[in-house]
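Worksheet for the structure shown next.
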There are 2 protein chains.
Amino acid sequence: MSEQAVRSRSTYRHGDLRRALVEAGFAMARAGGPGAIVLREATRTAGVSPNAAYRHFADRNALMLAVSGVAQGLAADVMEQTLAQLPASGDPATDARARLRAVGRAYLRFARDEPGLFRTAFSVPEDMARAFAPDKAGESGRTPFQILGAVLDELVEAGVLPPERRPNAEFLAWSSVHGLGMLVIDGPLYGLTDDLIERTTEHLLDMVDRGL
Amino acid sequence: MSEQAVRSRSTYRHGDLRRALVEAGFAMARAGGPGAIVLREATRTAGVSPNAAYRHFADRNALMLAVSGVAQGLAADVMEQTLAQLPASGDPATDARARLRAVGRAYLRFARDEPGLFRTAFSVPEDMARAFAPDKAGESGRTPFQILGAVLDELVEAGVLPPERRPNAEFLAWSSVHGLGMLVIDGPLYGLTDDLIERTTEHLLDMVDRGL
DNA sequence: GTCGGATTGTGTACGTCGTTCACATCACGC
DNA sequence: GCGTGATGTGAACGACGTACACAATCCGAC
């Protein structure tokens, strides 16, 4: 990862500076959220002068957006992985509901395990129009938003969710888990005990399950 | 408000510097969220040297927290006001449900009307333990969290919400509307049309109403 | 009244940040 | 093999948060 990043390189050209900067930004975001991404520090760990960054990013915000995309991809991975581990019961209806819960749980687990990356992934403004951009997908090639959408489709197919309630249902489910995540890691619910957070998570998923 | 703040004062002592700094910070937060609060600028509009701020706040973060409290109070006012304007139908059950919707709608209206203040109010880390602190209350003396809690109590009294589901129900309702607010003003749902946001808001309130 | 300490504001300074401009170095296609 | 565009450098500017020593003022004890 940082094999030839930190030691002062011999070549004039870096070779893969853009990636190196994103990786450095990623590490900072992981430790302290999007606000902790500092451009000069990224160039420093890449062993390059501060201005070199401007050959690859218009400004600090552009670097943040790139890091945000990587973080979203990682969130997608966590979600896919959780889905893959889910045993199938045989009944499509209960399976679909379990899968929706799993997606929500994975989202909130990611928020709590990697709060810095979570905020970097989902708290950096960018229109929905670009939420499908492939740079935000995980290894599976799907973005978190697409994963959620697919599970909601399963719910419709299984006859659990009435088709007329399907449109934009992503926004409802997403809002609920996202809100709890933000309140817990970066808002007034900061400092709640792990036990209380976990029980609240399940209750929240109950609510979505009933109310969607 | 800024009557004797901007013109260079004659007295050595400012007189009410703390308030002046919070007011200046409030204005900045309104325009650009918590990140836009800059300590030096606040002292500048207060007509005072940069370090004077440190007599009233330990650091920039302390100023932010103070501004956050004021913003929370304003959110509380919006919520109380919306509740006060609600006509009573006579039926306690439908009234209670309407009041919960009204609280949610007010929260989201505040988020969209004053995104900077919204983020300053609810996106600055602080434990729940202090969410009842009176400096965050509105003119009514209640904090947003308390207002929501009271409406949920009404739901139980009216027989709409089973008592066993009442504990911590604040977190569920709050998470939902908070999540939508954050996603819309500061996340991947940024740029959704007003129409779509409003319809999504109603659907979200439907979901909470059904699922709580 | 006055005097001494606690409050409150000032001046100067340091290190860091994002960003700009002119310039240096390199890779590659004609 | 040469020049043109891409990439990295150096020095600099104006912010910012914050620390330290010092000055002005207020207030209560005598």
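Chain identifiers are assigned alphabetically (A, B, ...) following the order of the sequence lines, protein sequences preceding nucleic acid strands; residue numbering begins at 1 within each chain.
- Scored by the ring pair (Phe, Tyr, Trp, His ring centres under 6.0 Å) test, B:Phe110 finds no partners at all (sequence neighbours excluded).
- Taking atom CE on A:Met64 and atom C1' on C:dC17, their separation rounds to 15 Å, with Å as the unit.
- Across the protein-nucleic acid pair, B:Arg44 atom CZ and C:dT10 atom C1' stand 16 Å apart, rounded to whole Å.
- Distance CZ (A:Arg18) to P (D:dG8): 12 Å, rounded to an integer number of Å.
- Counting non-hydrogen atoms of neighbouring residues, nucleotides and ligands closer than 6.0 angstrom, the CZ atom of B:Arg19 reaches no more than 12 such neighbours.
- The interatomic distance linking A:Leu17 (CG) with D:dG8 (P) rounds to 5 Å, in whole Å.
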Polar pairs (N or O, both sides) under 3.5 Å between protein and nucleotides 24-26 of chain D?
from: D:dT25; atom 1: O2; to: B:Arg13; atom 2: NH2; distance (Å): 2.4

TODO: Before giving the answer on side chain to side chain contact (heavy atoms under 4.5 Å, CB included), spell out for A:Val160 and A:Arg97 the whole-Å C-alpha distance, their side-chain angles and the decisive distance to 0.1 Å.
DONE: CA-CA 8 Å; A:Val160 178; A:Arg97 291 173 60 193; 3.8 Å; yes
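- Under 4.0 angstrom from either OP1 or OP2 of D:dA6 there lies no side-chain N or O belonging to A:His56.
- When ring centroids are compared, A:Phe171 and A:His178 stay outside the 6.0 Å threshold.
- Rounded to an integer number of Å, the gap from A:Phe57 CZ to C:dT19 P is 13 Å.
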What side-chain donor-acceptor pairs closer than 3.5 Å can you find for residues 24-35 of chain B, not counting sequence neighbours?
from: B:Arg30; atom 1: NE; to: B:Glu114; atom 2: OE1; distance (Å): 3.2
from: B:Arg30; atom 1: NE; to: B:Glu114; atom 2: OE2; distance (Å): 3.1
from: B:Arg30; atom 1: NH2; to: B:Glu114; atom 2: OE2; distance (Å): 2.6

Could you go over nucleotides 17-19 of chain D and give all protein N or O partners under 3.5 Å, atom names and distances?
from: D:dG17; atom 1: OP1; to: B:Leu39; atom 2: N; distance (Å): 2.9
from: D:dG17; atom 1: OP2; to: B:Leu39; atom 2: N; distance (Å): 3.3
from: D:dG17; atom 1: OP2; to: B:Arg40; atom 2: N; distance (Å): 2.9
from: D:dG17; atom 1: N7; to: B:Arg40; atom 2: NH1; distance (Å): 2.6
from: D:dG17; atom 1: O6; to: B:Arg40; atom 2: NH1; distance (Å): 3.0
from: D:dT18; atom 1: OP2; to: B:Tyr54; atom 2: OH; distance (Å): 3.1
from: D:dT18; atom 1: OP2; to: B:Arg60; atom 2: N; distance (Å): 2.9
from: D:dT18; atom 1: O5'; to: B:Tyr54; atom 2: OH; distance (Å): 3.1
from: D:dT18; atom 1: O4; to: B:Arg40; atom 2: NH1; distance (Å): 3.1
from: D:dA19; atom 1: N6; to: B:Asn51; atom 2: OD1; distance (Å): 2.7
from: D:dA19; atom 1: N6; to: B:Asn51; atom 2: ND2; distance (Å): 2.4

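- Listed by first then second residue, pairs satisfying salt bridge (charged side-chain N to carboxylate O under 4.0 Å, His left out) with a partner in residues 70-83 of chain B read B:Glu80-B:Arg142, not counting sequence neighbours.
- Within a 6.0 Å radius of CZ in A:Arg60, other residues, nucleotides and ligands contribute more than 12 heavy atoms.
- Checked against salt bridge (Lys or Arg N to Asp or Glu O under 4.0 Å), A:Asp135 has no partners two or more places apart in sequence or in another chain.
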